Undergrad: 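Got a structure for you, questions after.
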Amino acid sequence: MIINLNLEGKKIIVVGGGNEAEKRIKSILNEKCEILVISDSINKQIKNWVKIKKIKLKKQKIENLKCITELKPDLIITTTNDRKINQKIITYAKKRKTIVYSSDNPDDSDFSNASIIDFEKTIQIAIFTGGKSPAMSKKIKSKSEKALKKVILKEDIDQIKIQKISRKLAKEIIPTQFERKQCLNNIMNDKHIDQLIKDGQVKKAEKRAIEIIKKWK
Ligand SMILES: C[C@@]1(CC(=O)O)C2=NC(=C\c3[nH]c(c(CCC(=O)O)c3CC(=O)O)Cc3[nH]c(c(CC(=O)O)c3CCC(=O)O)/C=C3\N/C(=C\2)[C@@H](CCC(=O)O)[C@]3(C)CC(=O)O)/[C@H]1CCC(=O)O
Ligand SMILES: NC(=O)c1ccc[n+]([C@@H]2O[C@H](COP(=O)([O-])OP(=O)(O)OC[C@H]3O[C@@H](n4cnc5c(N)ncnc54)[C@H](O)[C@@H]3O)[C@@H](O)[C@H]2O)c1
């Protein structure tokens, strides 16, 4: 099942500092969570994230798991090239009911990573083969990206921004879910708003959406 994790305020430990660690850190870097890397060596990119204080580093090789216990993480991501230590970490986390992911063991991990196509941090499309072929996910991502760019337009991104503001206001002043849905559909299909968005007048489009909600009866 593909789900979206809310990691805000969570403490995440990433064990290992190579390519895999870099990929996993990159995917959670903007999630307002606390990231601590534990590794005896780290690559250039990770070094830079430590330097600019995006993440913290504990420079050490993990031999026993005492140091992890003290840190009380919500999520552990292990990416070392040592199968034995990865397995030890999985077993340890499962015992404590801590969410765990290991780069070399999809079967025992609590989640996996899809290939993501992102549109201006507003729309994400995930491609996933259920672990059958990550390389094909990557290839299909690159093929679909070109096609999707013709379908998902700047106007759609603007409409999402207007819908976000409208939904918040609608939840405050329109009493039933049925009516809120109708009102938001009206805004989404409003020709005038469409035209304003096409003309680059997003603020005016936003104003008209707000008027529609305020006049809703
Ligand atoms: C989609 C993507 C997202 C991401 O990583 O963020 C992703 N792997 C990507 C690339 C990639 N990974 C690997 C290769 C080499 C070729 C190959 O093996 O096919 C390539 C291709 C390349 O690098 O060119 C090696 C590999 N992958 C896994 C293992 C462990 C194992 O299978 O045991 C091994 C070592 C196997 C070995 O030892 O030989 C496992 C998983 N990799 C997944 C995701 C999950 C299932 C996704 C799905 O079903 O689609 C899953 C199950 C769990 C997980 O890792 O979350 C990302 C594309 C990013 C992009 O879009 O740019
Ligand atoms: N899921 C995927 O998509 C995917 C893709 C490629 C590789 N992999 C798997 O991920 C693993 C890691 O790949 P990589 O390219 O990052 O390897 P890498 O060799 O670049 O990095 C391994 C890191 O682990 C650290 N490390 C090793 N033992 C440690 C320990 N006991 N304590 C702390 N740190 C330790 C090393 O210092 C190094 O920084 C591979 O073994 C492979 O099985 C998974």
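None of these values were measured; they are calculated from a predicted model. Counting starts at 1 for both ligands and their atoms, following the listed order.
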Undergrad: Return yes when Gln60 approaches ligand 2 closer than 4.0 angstrom through a heavy atom, no otherwise.
TA: yes

Undergrad: Hey, is ligand 1 close enough to Lys23 that some N/O pair sits below 3.5 Å?
TA: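 Checking ligand 1 against Lys23, an N or O pair does fall under 3.5 Å apart.
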
Undergrad: Under a 3.5 Å distance rule, please check whether Thr129 uses its side chain to pair with a backbone N or O of Ser137 as donor and acceptor.
TA: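 Side chain of Thr129 to backbone of Ser137: no pair is present.
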
Undergrad: Treating Asn189 as the side-chain partner and Asn185 as the backbone partner, does any N or O pair qualify as donor plus acceptor under 3.5 Å?
TA: yes

Undergrad: Is there any N or O on Lys138 that sits under 3.5 Å from an N or O of ligand 1?
TA: yes

Undergrad: Could you tell me, atom by atom, which parts of ligand 1 come under 4.0 Å of a heavy atom of Phe128?
TA: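 Near Phe128, the atoms of ligand 1 are 46 (C), 47 (C), 48 (C), 49 (O), 50 (O).
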
Undergrad: Under a 4.0 angstrom heavy-atom cut-off, which atoms of ligand 1 come close to Thr129?
TA: 48 (C), 49 (O), 50 (O)

Undergrad: For atom 27 (C) of ligand 2, which of the options Asn81, Asn43, Ile85 provides the nearest non-hydrogen atom?
TA: Asn81

Undergrad: Establish, from distance only, whether the side-chain atoms of Glu22 and Asn43 form a donor-acceptor pair under 3.5 Å.
TA: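 Result is yes, a qualifying pair exists.
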
Undergrad: Any N/O of Ser137 closer than 3.5 Å to an N/O of ligand 1?
TA: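 Yes, since at least one N or O of Ser137 sits under 3.5 Å from an N or O of ligand 1.
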
Undergrad: Please state which protein non-hydrogen atom is closest to atom 43 (O) of ligand 2 and give its distance, to 0.1 Å?
TA: Asp104 CB, 3.5 Å

Undergrad: Looking at atom 53 (C) of ligand 1, would you say a protein heavy atom lies below 4.0 Å from it?
TA: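 True for atom 53 (C) of ligand 1.
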
Undergrad: If we only count N/O pairs under 3.5 Å, is Gly131 in contact with ligand 1?
TA: yes

Undergrad: Can you find an N/O atom of Arg24 closer than 3.5 Å to an N/O atom of ligand 1?
TA: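 Yes.
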
Undergrad: Does the protein put a heavy atom less than 4.0 Å from atom 15 (C) of ligand 1?
TA: no

Undergrad: Would you say atom 61 (O) of ligand 1 has a protein heavy atom nearer than 4.0 Å?
TA: yes

Undergrad: What protein heavy atom is closest to atom 1 (N) of ligand 2, reported as residue, atom name and distance in Å?
TA: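 Atom 1 (N) of ligand 2 sits closest to the protein heavy atom Ser103 O, 3.3 Å.
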
Undergrad: Nearest protein heavy atom to atom 26 (N) of ligand 2, by residue and atom, and its distance?
TA: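 Answer, as residue, atom name and distance: Asp40 OD1, 3.6 Å.
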
Undergrad: Judged by atom type as modelled, is there a donor-acceptor pair below 3.5 Å linking the side chain of Arg180 to the main-chain atoms of Ile174?
TA: yes

Undergrad: Which of the atoms of ligand 1 are close to Ser112, meaning less than 4.0 Å from one of its heavy atoms?
TA: 53 (C), 56 (O)

Undergrad: Among all protein heavy atoms in this structure, tell me which lies nearest to atom 11 (C) of ligand 2, with the distance rounded to 0.1 Å.
TA: Thr80 O, 3.6 Å

Undergrad: Nearest to atom 21 (O) of ligand 2, what protein heavy atom do you find, and at what distance?
TA: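 Here the nearest protein heavy atom works out to Gly18 CA, 3.5 Å.
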
Undergrad: Please tell me whether Tyr92 and Thr69 have a donor and an acceptor in their side chains that are separated by less than 3.5 angstrom.
TA: yes

Undergrad: With a heavy-atom distance limit of 4.0 Å, tell me whether Ser103 approaches ligand 1 through its side chain, its backbone, both, or neither.
TA: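 Only the backbone of Ser103 comes within reach of ligand 1.
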
Undergrad: Is atom 6 (O) of ligand 1 less than 4.0 angstrom from some protein heavy atom?
TA: yes

Undergrad: For ligand 1, is there an atom lying under 4.0 Å from some heavy atom of Met136?
TA: no

Undergrad: Could you check whether any side-chain heavy atom of Asn105 comes within less than 4.5 Å of a side-chain heavy atom of Gln87, counting everything from C-beta outward?
TA: yes

Undergrad: Treating Lys59 as the side-chain partner and Ser39 as the backbone partner, does any N or O pair qualify as donor plus acceptor under 3.5 Å?
TA: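 Checking the backbone N and O of Ser39 against the side chain of Lys59, no donor-acceptor pair under 3.5 Å is found.
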
Undergrad: Report the member of Ile42, Ile62, Val37 with the shortest heavy-atom distance to atom 30 (C) of ligand 2.
TA: Ile62

Undergrad: Walk me through whether Glu172 and Lys168 qualify under salt bridge (charged side-chain N to carboxylate O under 4.0 Å, His left out).
TA: CA-CA 7 Å; Glu172 282 165 17; Lys168 188 168 179 280; 3.7 Å; yes

Undergrad: Considering Asn105, Thr79, Asn113, Asn86, which one's heavy-atom position lies nearest to atom 12 (C) of ligand 2?
TA: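 Comparing heavy atoms across Asn105, Thr79, Asn113, Asn86, the nearest one to atom 12 (C) of ligand 2 lies in Thr79.
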
Undergrad: Can you tell me which residue among Thr80, Asn81, Thr91 is in a side-chain hydrogen bond (donor to acceptor under 3.5 Å, both in side chains) with Asn86?
TA: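 Option passing the side-chain hydrogen bond (donor to acceptor under 3.5 Å, both in side chains) with Asn86: Thr80.
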
Undergrad: Has the side chain of Lys11 got a donor or acceptor atom that lies under 3.5 Å from a matching backbone atom of Leu36?
TA: no

Undergrad: Are any of the protein's heavy atoms under 4.0 angstrom from atom 3 (C) of ligand 1, yes or no?
TA: yes

Undergrad: How does Ala135 reach ligand 1, if at all, at less than 4.0 Å between non-hydrogen atoms: by side chain, backbone, both, or neither?
TA: both

Undergrad: As a test of the contact definition, would atom 22 (C) of ligand 1 count as having a protein heavy-atom neighbour under 4.0 Å?
TA: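 Under the 4.0 Å cut-off, atom 22 (C) of ligand 1 does have protein heavy-atom neighbours.
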
Undergrad: Looking at atom 16 (O) of ligand 2, what's its closest protein heavy atom, distance included?
TA: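 Among all protein heavy atoms, the one nearest atom 16 (O) of ligand 2 is Glu20 N, 2.8 Å.
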
Undergrad: Return the closest protein heavy atom for atom 15 (O) of ligand 2 as residue, atom name and distance.
TA: Asn19 CB, 3.7 Å

Undergrad: Under a 4.0 Å threshold between the charged nitrogen and the carboxylate oxygen, would Lys94 count as salt-bridged to Asp110?
TA: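 Looking at Lys94 together with Asp110, the answer is yes, because their closest N to O distance falls below 4.0 Å.
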
Undergrad: Is there a side-chain contact between Ile173 and Trp216 (heavy atoms, below 4.5 Å)?
TA: no

Undergrad: Taking Ser109 for its side chain and Tyr101 for its backbone only, find out whether a donor-acceptor pair lies under 3.5 Å.
TA: no

Undergrad: Please state which part of Pro106 comes within less than 4.0 Å of ligand 1, counting heavy atoms only: side chain, backbone, both or neither.
TA: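 It is the side chain that touches ligand 1; the backbone stays farther off.
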
Undergrad: For atom 47 (C) of ligand 1, is there a protein heavy atom at a distance under 4.0 Å?
TA: yes

Undergrad: Side chains of Asp199 and Gln195: is there a donor and an acceptor less than 3.5 Å apart?
TA: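 Yes, because at least one side-chain N or O of Asp199 sits under 3.5 Å from a partner of the opposite role on Gln195.
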
Undergrad: Look up atom 18 (O) of ligand 1 and tell me if a protein heavy atom lies less than 4.0 Å from it?
TA: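 It does not: no protein heavy atom is found less than 4.0 Å away from atom 18 (O) of ligand 1.
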
Undergrad: Of the protein's non-hydrogen atoms, which lies at the shortest distance from atom 23 (C) of ligand 2, and what is that distance?
TA: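 Sorting protein heavy atoms by distance from atom 23 (C) of ligand 2 puts Gly17 N, 3.6 Å first.
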
Undergrad: With a cutoff of 4.0 Å, is Phe111 in contact with ligand 1, counting heavy atoms of the residue only?
TA: no

Undergrad: If you measure from the Lys or Arg side-chain nitrogens to the Asp or Glu carboxylate oxygens, is any gap between Arg208 and Glu211 under 4.0 Å?
TA: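 No salt bridge links Arg208 with Glu211.
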
Undergrad: Could you check whether atom 5 (C) of ligand 2 has a protein contact, counting only heavy atoms that fall below 4.0 angstrom?
TA: yes

Undergrad: Does the side chain of Ser142 pick up a donor-acceptor pair with the side chain of Glu145 at under 3.5 Å?
TA: no

Undergrad: Return a yes/no value for Ile127: is any of its N or O atoms, backbone included, closer than 3.5 angstrom to an N or O of ligand 1?
TA: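 No; the residue has no nitrogen or oxygen that sits under 3.5 Å from a nitrogen or oxygen of the ligand.
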
Undergrad: Side-chain contact, heavy-atom cut-off 4.5 Å: Leu169 with Ile210?
TA: yes

Undergrad: Looking only at non-hydrogen atoms, which of Pro134, Ala126, Ser115 approaches atom 59 (C) of ligand 1 most closely?
TA: Ser115

Undergrad: Can we say Arg24 and Glu20 salt-bridge, meaning some charged N sits less than 4.0 Å from an Asp/Glu carboxylate O?
TA: yes

Undergrad: Classify the contact between Ala114 and ligand 1 as side chain, backbone, both or neither, using a heavy-atom distance cut-off of under 4.0 Å.
TA: backbone

Undergrad: For Ser133 and Met136, indicate whether the former's side chain and the latter's backbone hold a donor-acceptor pair under 3.5 Å.
TA: yes

Undergrad: Do side-chain atoms of Asp82 reach the backbone of Lys84 as a donor and acceptor pair under 3.5 angstrom?
TA: yes

